[in-house]
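A note on names: the letters A, B, ... follow the listed sequences, proteins ahead of strands, and every chain is numbered from 1.
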Amino acid sequence: MRSPKENKDAAMSQPSVSDPVSRRDFVRITTATGIAALAGQSVAALAQQAPATGDHSASSAAKLPKSEPLQIYEGTGAGAVLEQLRASGVRKIFHTNTTGFSELWDAVYSAGDVQVIMVTHEGQGVAAAQGYAMASKSLGVFVGSGVGVGNSMSNLYNAWKDRVPLIIGFTRAGLSGRGGMDRSEEWDDHLKPTEPFTMWNWSCLVAETMPDIVRRAMKFALGPPSGPVTLDFAGELLAERIKAPIYKIDSSNPRSSFRAQPDLIQKAAQWLAAAENPLFIAGPEITEEAANDALQELAEKLSVPVVAMNSPNELYANFPTDHPLFLGPYRSKMRFPRNLDLLINFGEKFATEPPPGVPTVHISHDPNILGRVFPADLAIASGVRTAIGDLSDALDGMLTKDRMTKIRSQRLAEVSNFTSQMKKSRELALRGRFDMSPLSWERVGFELQKALDQDAVIVTEVGTEGGPRILGQLTFGRGNKLRIGRTTGFALGWGVGASLGVSVALPDRQVVALQGDGSFLFGQSETLWSIARYEAPLLLVIMNNRGYNATRIRAVSNGGILVKAGVDFTSYLGSPDVDFTKIAEAYGLRGEKVRTPDELAPALQRALRSMQDGKAVLMDIDVAREGYLSESTWYPRYSIAESRKKA
Amino acid sequence: MQDKQNGMRILCILLGISIGLIGSQRSGAAAQSNAQLEMEKGKEAVGKACVQCHNMRYIQLQRKSAEQWRNVVLAMISTGALLFPEEIEPVTAYLTANFGPASPPPSLGTPTSGGARSATRALEEQLPEAVGKSIVLDNCQQCHGLETSIEKTRSRTEWKEIISRMVTAGTKLTQAEQEKVVEYLSGLTPSRKTE
């Protein structure tokens with residue numbers, strides 16, 4: 001046992017915080033803690049510029065923050081909820097009418113800087129909040145009635161599938177209605193149906209806790225992974241006078257972030273350096289983390305081709321669609337590269353089986369999706385942005401500049417050859433179908449690309465067959481158009497509401513909603529009311545082929561009795577033949593009907609002028625209905641009027 | 001002398017005609033060979049590009065002219081089919097040749113009309129009961145009749161290759177199901193087929 005003096009001498013001989021540390025030791029220590037080697041070296045270089053004399057003056061010591069609430073709020077529970085939202089940067093709340101939030105509107109009115117956007121159906125309101133969150137890269141907030149939970153469910157599901165951060169608040173009859181005492185709705189727990197589609201849900205029972213519940217809700221909503229949170233506020237609690245802390249949340253950097261283990265990054269980098277025919281998958285986490293430029297730089301470093309997993313149904317365009325390295329959709333048997341020998345998935349859920357025998361690296365900020373559907377050979381839990389940076393640094397440490405240049409230039413020639421040929425094929429296809437009447441989907445896409453601003457925003461809900469034909473004519477990526485949608489939940493009745501939210505978030509950009517007649521008929525015309533009320537200068541394009549494609553394609557693939565009889569049971573929508581322009585005009589918006597190809601360009605110019613003047617336009621375009629059985633207009637006829645027995 | 005010259009002249013003419021005939025036969029054969037190559041190229045491209053997204057049934061059900069098939073091929077390229085520019089015409093030619101207006105009516109799998117249905121049912125009942133039979137009956141009649149599956153006796157290796165091609169063409173079978181189908185079909189002998 002050592003004496004106190006020996007202990008003191010031993011302590012004095014250990015390096016303390018103020019002792020100078022060698023650069024080699026510093027890099028070794030920082031790398032061991034997981035900081036990338038180059039980052040460690042950078043910090044070491046900075047440290048060496050600092051005085052080594054152990055100066056503990058205020059100018060050199062780090063200033064510790066004060067951990068305390070932003071304020072202690074005194075007022076109604078509703079006011080406290082609003083204050084917590086405002087402290088986190090929320091300035092827009094989407095809402096469908098309910099009797100239960102009057103105290104909240106009192107607080108909004110008093111605050112004067114929060115805009116409430118009314119939407120006349122909860123489902124469209126949730127979609128609008130989602131569109132807003134996706135376009136602004138922040139939190140979306142919707143509040144509505146507890147009895148409206150049912151209406152909100154399909155788009156709650158979509159938001160959950162898309163992992164978009166939302167706070168969705170409901171109000172109900174009151175605390176006295178709990179425990180089987182709800183005589184009106186007989187609905188004990190309004191949030192229970194929402195459970196499967198939320199990151200968290202909570203019924204507030206104590207007024208003082210409500211701002212902290214909201215703060216916690218934001219934490220769960222923002223993640224990662226992000227997703228919807230549902231909250232329930234009883235009327236009595238919203239009216240109760242309380243005193244509660246309000247916490248500041250940095251809305252510019254609200255999400256927690258984590259970094260991969262260095263040895264996993266090293267392994268991934270070794271595989272990438274050794275691979276002859278690698279392939280990257282660019283998933284939605286790339287866009288969520290604003291890592292698009294970083295991925296492009298990494299791909300360009302070794303000319304690795306990039307695909308979109310769920311194309312045409314991906315949520316964003318995560319890689320520039322006109323880049324020579326972008327191959328388009330992922331297929332289980334890629335035509336290029338031949339002999340694929342490594343697949344690296346950045347932030348995408350695996351919807352299609354990876355090719356057998358090909359090693360797979362799966363990187364995601366959501367540990368739940370790693371290995372969930374298909375096992376990965378190397379699963380890396382990390383923010384994709386930091387993983388890309390770490391991977392790039394690791395490659396720099398493994399490959400010489402000359403070697404990298406050789407790989408890059410050789411592979412770029414091969415990839416570019418393939419992508420330029422595919423582009424040529426698509427141009428031949430466009431030209432070959434250019435003057436079709438009813439219009440080809442490609443022609444509509446071509447004219448939109450020509451007429452719209454380069455950085456217009458496309459909010460799409462068009463289907464699997466027509467979607468790629470129109471979207472393939474538009475250029476997405478940095479400096480080009482922004483793509484939002486379609487929702488990976490695929491529950492129809494999302495896009496019009498979402499486009500309203502996008503327009504609220506990005507008022508200076510042209511926003512175009514692409515809809516099929518089928519998806520628009522899924523209860524979306526209600527949003528035209530909000531588009532008119534709030535003067536959203538949208539262009540709503542309805543690709544009207546008087547039918548659903550997906551139902552017909554599936555029926556044909558299955559080849560049942562109806563297919564053999566040559567009829568299509570459910571897909572034809574042309575009876576009645578809806579004039580969608582009249583629906584728009586009923587809401588005070590402008591309608592444009594396009595029947596032939598030469599009518600389209602002038603109609604678009606008129607629409608753009610109307611949008612410039614602040615008035616939305618609905619454009620109803622007759623497009624071709626194609627494919628086996630597409631000519632069928634049969635449906636099982638039934639007339640209620642004719643079934644009457646009473647004269 | 002005159003006769004000799006005339007004879008030579010006639011011989012030259014005959015030789016010229018023969019050479020011309022041989023040349024035209026060769027160019028005809030070459031053209032036929034080129035056409036066959038183009039057809040093979042088209043068939044191969046269909047297998048590589050078209051069945052990535054849908055099964056062969058979607059093609060086999062349709063009967064279209066060359067112009068109509070060309071429009072379909074172009075539409076598919078716009079939809080995402082990865083076809084090279086030089087494959088457009090061979091694919092169109094292949095589809096027209098095999099699924100054109102003059103092609104036999106499409107086989108719609110298990111027929112619904114009385115006589116043909118009962119014949120197929122009789123065939124199904126004749127096949128021996130063994131592991132894999134139900135998978136064959138459920139999957140191998142989507143695009144062609146049952147007789148196509150069992151008309152020839154094949155080795156296990158041959159069946160493995162055929163089933164692999166069918167999966168590439170769009171038949172949805174897991175690895176385990178493929179093995180059972182191969183096992184079942186390679187176990188069929190002429191005598192067992194008529195049990």
For the student: nearest non-hydrogen atoms of B:Leu61 and A:Tyr628, plus distance: O-CE1, 3.4 Å
Taking atom CG as the centre, does A:Asp598 end up with more than 12 heavy-atom neighbours from other residues, nucleotides or ligands that are less than 6.0 angstrom away? yes
Does atom NZ (B:Lys133) have a neighbourhood of more than 12 heavy atoms from anything else shown, all under 6.0 Å? yes
What one should report as the nearest heavy-atom pair of A:Ala429 and B:Ser78 is CB-OG, 3.5 Å
Answer with side chain, backbone, both or neither: which region of A:Ile553 has an atom nearer than 4.5 Å to a non-hydrogen atom of chain B? both
Taking atom CZ of A:Arg554 as the centre, report whether more than 12 heavy atoms of other residues, nucleotides or ligands fall under 6.0 Å from it. no
What distance do B:Lys48 atom NZ and A:Arg331 atom CZ have between them, rounded to the nearest 0.5 Å? 16.0 Å
Partner chain B: residue of A:Met436, A:Glu442, A:Arg426, A:Lys424 with the largest heavy-atom pair count (under 4.5 Å): A:Glu442
Which portion of B:Ile77 sits near chain A, non-hydrogen atoms under 4.5 angstrom: both
Do B:Leu83 and A:Arg335 come close enough that some side-chain heavy atom pair is under 4.5 Å? yes
Interatomic distance, CG@B:Leu82 vs CE@A:Met422, rounded to 0.5 Å, equals 6.0 Å
According to the ring-ring contact (aromatic ring centres under 6.0 Å, His included) rule, which pairs have a member within residues 416-442 of chain A, sequence neighbours left out? A:Phe336-A:Phe418, A:Phe418-B:Phe84, A:Phe434-A:Phe446
What are the two closest non-hydrogen atoms of A:Arg469 and B:Ala75, and how far apart are they? NE-O, 3.5 Å
For atom NZ of B:Lys160, is the number of surrounding heavy atoms from other residues, nucleotides or ligands below 6.0 Å larger than 12? no
Mind ranking B:Glu87, B:Arg70, B:Glu86 by heavy-atom pairs under 4.5 Å with chain A and telling me who comes out on top? B:Glu87
